[in-house]
Amino acid sequence: MEEQQTGALVRRCLAGDAGAWEEIVRLHNRRIYNLCYRFTSSPDDAQDLTQEVFIRIYRTMGSYNIEKGAFTTWLTTLTRNLLVDHFRRSKQDRITDSIDAGREDDDSPSLKDRLEDPRPTPDDRLASQETQKMVQQALAHISPDLREAVILRDLQDMDYKEIALVLHVPEGTVKSRINRGRMELARLLSRNKKQAGNE
C-alpha cells in the first residue's frame with residue numbers, strides 16, 4: 001500500500017505537482033539525514049549531503065521504476081552512492097574529523113534525543129549521548145564496506161535482500177559484512193569502555 005502511494009506521489013511530482021515533491025521530502029528527509037549523519041559523524045555535513053541527495057532525487061526521479069523495487073530501496077541506493085562519492089572526494093582524516101565532530105556535539109542533544117521521549121531525565125540523556133558518541137566514533141574506525149552494511153541493517157532496519165540491492169553485492173556478502181562489522185564494533189566499543197574505565 002505504501003509503495004502504491006509513493007508511486008502515485010512520484011507520478012504527481014513528475015507531472016509538476018510541487019505538493020507531491022514536498023510530501024516526498026517530508027516522508028524521507030529524516031531517513032536520509034540519519035543515514036548521512038551515520039556516515040559523516042557531522043550534523044553540518046549530514047545536512048549538506050541530505051540536500052545534495054534531494055537535488056539528485058529530483059533530477060533523477062524519472063529513472064525510478066516501481067517494477068524494479070521499493071522507492072525506499074532506490075532512495076537508499078542513491079543516498080549510498082552519493083555518500084561513497086563524498087567519501088572518495090574527501091581527503092581528510094575521517095577519524096580526526098569524527099572525534100572533533102563529537103566534541104562539538106557535547107553541548108547540544110542529538111537529533112535522536114530531541115525526537116524521543118520529551119522528558120528524559122538528565123542522567124538518561126547524558127548516558128544516551130555518551131553511548132551514541134562511542135558508537136559513532138567506533139563506526140568511524142571500521143572499514144567503509146563494513147560500516148555501510150552495519151548502518152543499513154542495524155540503524156536503518158533494512159533487510160538483507162534490500163541491502164544486497166543497494167550495495168550491489170550478493171546477500172551472503174552482506175551477511176558476512178554485517179557479522180564482521182558487528183564483531184569489529186563490539187571489539188572497539190569494549191576497548192573504548194576499558195579505556196574510559198581507566199581514566
Charged N-O contact under 4.0 Å between Arg11 and Asp17
no
Considering only NZ, NE, NH1 and NH2 on the basic side and carboxylate oxygens on the acidic side, decide whether Glu171 and Lys161 come within less than 4.0 Å.
no
Can you classify the ring geometry of Phe54 versus Trp21 as parallel (below 30°), tilted (30 to 60°) or perpendicular (above 60°)?
perpendicular
Partners of Tyr160 by ring-ring contact (aromatic ring centres under 6.0 Å, His included), sequence neighbours excluded?
none
[X] side, atom [atom1]; [Y] side, atom [atom2] - distance, nearest 0.5 Å:
{"X": "Glu52", "Y": "Asp45", "atom1": "CD", "atom2": "CG", "answer": "9.5 Å"}
{"X": "Asp157", "Y": "Glu162", "atom1": "CG", "atom2": "CD", "answer": "10.0 Å"}
{"X": "Ile178", "Y": "Arg182", "atom1": "CD1", "atom2": "CZ", "answer": "6.0 Å"}
{"X": "Arg147", "Y": "His141", "atom1": "CZ", "atom2": "NE2", "answer": "10.5 Å"}
{"X": "Leu78", "Y": "Thr60", "atom1": "CG", "atom2": "OG1", "answer": "4.5 Å"}
{"X": "Arg12", "Y": "Leu9", "atom1": "CZ", "atom2": "CG", "answer": "5.5 Å"}

Single-linkage hydrophobic cluster [X]~[Y], side-chain heavy atoms < 4.5 angstrom:
{"X": "Leu165", "Y": "Tyr64", "value": "no"}
{"X": "Leu14", "Y": "Ile24", "value": "yes"}
{"X": "Leu167", "Y": "Phe39", "value": "yes"}
{"X": "Val25", "Y": "Leu75", "value": "yes"}

With Ile163, which of Met158, Arg177, Lys175 fulfils side-chain contact (heavy atoms from CB on, under 4.5 Å)?
Met158
His28 and ring-ring contact (aromatic ring centres under 6.0 Å, His included): which partner among Tyr58, Phe71, Tyr33?
Phe71
